Amino acid sequence: SKMTNIINYRLRITLSDSRTLTGQMLAFDKHMNLVLADCEEFRKIKPKNKKKDEDELEQKRTLGLVILRGETIVSMSIDGPPPPTTNESRARGPALAMGPGMGRPAGRGMPAAPPPGGPMVGLSGPVRGVGGPSPQMMQPRPGIQAPPVAYGRPPMPPPGQGVSVYIDSSPWQR
């Protein structure tokens with residue numbers, strides 16, 4: 001989802017009581033509860049004397065690690081990218097220096113275009129060893145033949161060779 005794409009980004013969040021929080025998003029859940037690291041709170045305070053030329057004062061407070069209830073969030077925007085870790089900054093340092101060589105795109109081991117007249121790579125047929133038996137096993141072998149298999153209702157026996165039924169019509173039971 002979009003929320004997983006902005007994990008570790010620095011966010012600016014406006015709450016329902018008009019406070020603004022900025023911090024690095026570490027986690028979220030289905031209720032939109034957030035965990036923010038290095039969080040700071042900004043509040044606008046109106047001056048007590050009612051002069052129109054005075055602006056509202058913005059008060060900043062450092063909060064640190066915060067668990068924020070999703071019900072109170074009004075808006076959310078990205079304030080900045082995730083901060084680089086110490087390992088990334090060390091790895092990038094030497095890599096930024098120019099050196100001999102030529103940059104070439106790295107492929108995934110497949111040719112860029114199929115051979116002329118042939119099918120696309122990977123679409124020529126089943127892969128050997130995957131799926132069913134090999135084509136050689138499916139060919140009929142000479143000398144080994146079985147009679148055809150009859151499907152459906154079994155055939156009736158010839159007259160006189162079938163099962164005989166004896167019906168006793170005497171009134172006495174045995």
Side-chain angles (χ1 to χ4, degrees), residues 1-139 151:
S1 73
K2 290 185 179 184
M3 290 295 287
T4 56
N5 293 337
I6 60 171
I7 286 181
N8 292 330
Y9 275 71
R10 191 146 186 85
L11 300 181
R12 180 178 304 271
I13 298 168
T14 305
L15 302 180
S16 57
D17 60 355
S18 75
R19 286 183 293 169
T20 304
L21 300 177
T22 60
Q24 181 183 1
M25 183 175 81
L26 298 182
F28 69 97
D29 66 2
K30 65 179 179 178
H31 304 291
M32 196 71 163
N33 298 325
L34 299 179
V35 178
L36 300 174
D38 303 327
C39 189
E40 295 174 331
E41 173 193 56
F42 297 94
R43 296 186 343 182
K44 297 208 181 206
I45 300 173
K46 296 177 184 172
K48 296 205 176 189
N49 48 3
K50 307 268 185 185
K51 293 182 182 173
K52 295 194 177 197
D53 57 340
E54 285 190 68
D55 289 337
E56 296 177 335
L57 295 172
E58 189 171 62
Q59 191 178 38
K60 176 183 169 185
R61 187 167 67 156
T62 304
L63 301 176
L65 188 67
V66 171
I67 298 174
L68 185 60
R69 186 174 174 88
E71 196 175 63
T72 63
I73 296 173
V74 173
S75 72
M76 200 165 70
S77 62
I78 296 177
D79 210 24
T85 61
T86 56
N87 295 340
E88 288 177 7
S89 58
R90 285 183 196 150
R92 279 191 208 158
L96 293 176
M98 292 276 258
M102 177 184 270
R104 292 192 183 127
R108 294 169 53 191
M110 296 181 72
M120 299 271 303
V121 176
L123 299 177
S124 60
V127 180
R128 180 180 169 92
V130 176
S134 67
Q136 292 85 14
M137 289 187 72
M138 295 303 294
Q139 298 298 323
Y151 293 103

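Sequence positions, counted from 1, serve as the residue numbers for this chain. Being a predicted model, the structure only gives us computed values, none of them experimental.
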Is any side-chain heavy atom of [Y] closer than 4.5 Å to one of [X]?
X	Y	result
L15	T20	no
M76	L34	yes
M3	M32	yes
T22	R10	yes
L63	L21	yes
T62	D38	no

Find the distance between [atom1] ([X]) and [atom2] ([Y]) and round it off to the nearest 0.5 Å.
X	Y	atom1	atom2	value
R43	Q59	CZ	CD	5.0 Å
I6	Q24	CD1	CD	12.0 Å
M25	I7	CE	CD1	5.0 Å
L11	S75	CG	OG	11.0 Å

Take L65 and L36 through the side chain to side chain contact (heavy atoms under 4.5 Å, CB included) test and state the conclusion after the steps.
CA-CA 6 Å; L65 188 67; L36 300 174; over 6 Å; no
Between K60 and E41, is the closest basic N to carboxylate O distance under 4.0 Å?
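So E41 does not pair with K60 through a salt bridge.
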Quick one: side chains of residues 66-74, donor-acceptor pairs under 3.5 Å with protein atoms, not counting sequence neighbours, listed by atom name and distance.
residue : atom : partner : partner atom : Å
R69     : NE   : E71     : OE1          : 3.3
T72     : OG1  : R69     : O            : 2.8

Residues Y9 and G80: closest non-hydrogen pair is CD2-O, 3.4 Å
